[in-house]
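Here the structure is laid out as structure tokens; the discussion comes afterwards.
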Amino acid sequence: MPDAAPDDAPPYWVLHVDLDQFLAAVEVLRRPELAGRPVVVGGAGDPTRRGVVAAASYPARELGIRAGTPLRTAAKRCPEAVFLPADNPHYEEVSERVMAVLRDTPGAVVEVMGWDEAFVGVRSADPEATARGIQAAVLAATGLHCTVGIGDNLLRAKIATGFGKPAGVHRLTADTWDDVMGERPTRALWGIGAKTAAALAERGLRTVRELGAADPEALAAELGPMLGPWYVQLGRGIGRREVSGTPWVRRSRSRETTFQTDLDDWDRIRAETAALARRVADDMAADGRPALRVAVKVRFAPFITRSRSKTLPGPTTDAAAFEEAALEVLDRFRRGRAVRLLGVRAEYVKP
């Protein structure tokens, strides 16, 4: 529940602030001549090389270019697009400026969710006015536009943002939930992906309303004691009501590389995996955090991605032990298929 307040205090609202086309917008700020043009950020910024799109401007999205689209595919769909390399340190710097603006909102509690989004908990008699004030403050401080979703919990605020894009404000509450969301597919819910939506559809649960009306115990028996009831709660629009101001703590570190030519030499694949593991270990050392699990991602040609992981014997920051564990996980994959991408991830012990 939100913090206790006097009876005459304004109601508590959750605002979800989402920066519009963040990476692309940041690049356009640096290159104003690109405004209104299709801009694609990703990899080394060279569509003749392998890599995937990290972000695309709205003109590029209109042509079917999304995050995760191969750069070569993006170039075919939009030859006139401007391709730029990702500049993560700069994006982090700009993001920090945005979050500082949010924290300056009177009475606000801010929960950062990533570079381009955060929840803001605030008491307000006019949440739309508060949202517009945040938009104006962010624009004045950074030159960036944002969309603000308003809700009576985090789930509804997050979903409301989608109705407000771009650069708008939208409210979604318990009173409007069924009218707005009832007939939408379960895929429209935050936390339900394509595979889960398909699994629910197999059980006759295709819409948000149908999911909300489902029997939690029956779904628990089929999809798991935790997930089944949680999906039903999502269908009913139930979610956490209070924004947490606890500082965000990184839960993992990962490194990956896309090869310009597929690798089919297993010794070379092992060497590349070991190198990635050492880079992750360096990141762990910089963070001062021990890893409890190690995961390896392999993308086989042409574009089939698989992941494997294992729990370590105990939390460790030892680079050699982490590298050895990563190679053990790699050896669980079937050999003989060409590899186009490798990734290694360390999952930290929860603080």
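- A salt bridge links Glu117 with Lys158: the closest approach of a Lys/Arg side-chain nitrogen to an acidic carboxylate oxygen falls below 4.0 angstrom.
- Residues passing the side chain to side chain donor-acceptor pair (under 3.5 Å) test with Arg184: none are found, sequence neighbours excluded.
- In terms of the side chain to side chain donor-acceptor pair (under 3.5 Å) criterion, residue partners of Asp287 (sequence neighbours excluded) are, by chain and number, Arg253, Tyr348.
- Side-chain contact of Tyr91 with Glu96: a donor-acceptor pair under 3.5 Å is absent, judged by distance alone.
- More than 12 heavy atoms of other residues, nucleotides or ligands lie within 6.0 Å of CZ in Arg66, so this atom counts as buried by the packing criterion.
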For Thr147 and Asp18, run side-chain hydrogen bond (donor to acceptor under 3.5 Å, both in side chains): C-alpha distance rounded to whole Å, both residues' side-chain angles, the deciding distance at 0.1 Å, then the answer.
-> CA-CA 5 Å; Thr147 299; Asp18 189 273; 5.8 Å; no
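- The closest side-chain heavy-atom distance from Val110 to Val243 is not below 4.5 Å.
- A salt bridge links Arg31 with Glu27; the closest basic N to acidic carboxylate O contact falls under 4.0 Å.
- Note on Asp282 versus Arg278: no salt bridge recorded, every NZ/NE/NH1/NH2 to OD/OE distance being 4.0 Å or above.
- The minimum heavy-atom distance between Ala125 and Pro11, with the atom names listed, is CA-CD, 4.4 Å.
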Stepwise, does the side-chain hydrogen bond (donor to acceptor under 3.5 Å, both in side chains) test hold for Thr48 with Asp46?
-> CA-CA 5 Å; Thr48 66; Asp46 182 354; 2.6 Å; yes
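- Within 6.0 Å of the CZ atom in Arg97, the count of heavy atoms belonging to other residues, nucleotides or ligands exceeds 12.
- In this structure the side chain of Thr273 never reaches within 4.5 angstrom of the side chain of Val329, judged on heavy atoms.
- Within the structure, the side chain to side chain donor-acceptor pair (under 3.5 Å) test picks out the following pairs touching residues 305-314 (sequence neighbours left out): Arg293-Ser309, Arg293-Thr311, Arg299-Thr305, Lys310-Glu328.
- A cation-pi contact, defined as under 6.0 Å to the ring centre and within 45° of the axis, is absent between Arg123 and Trp13.
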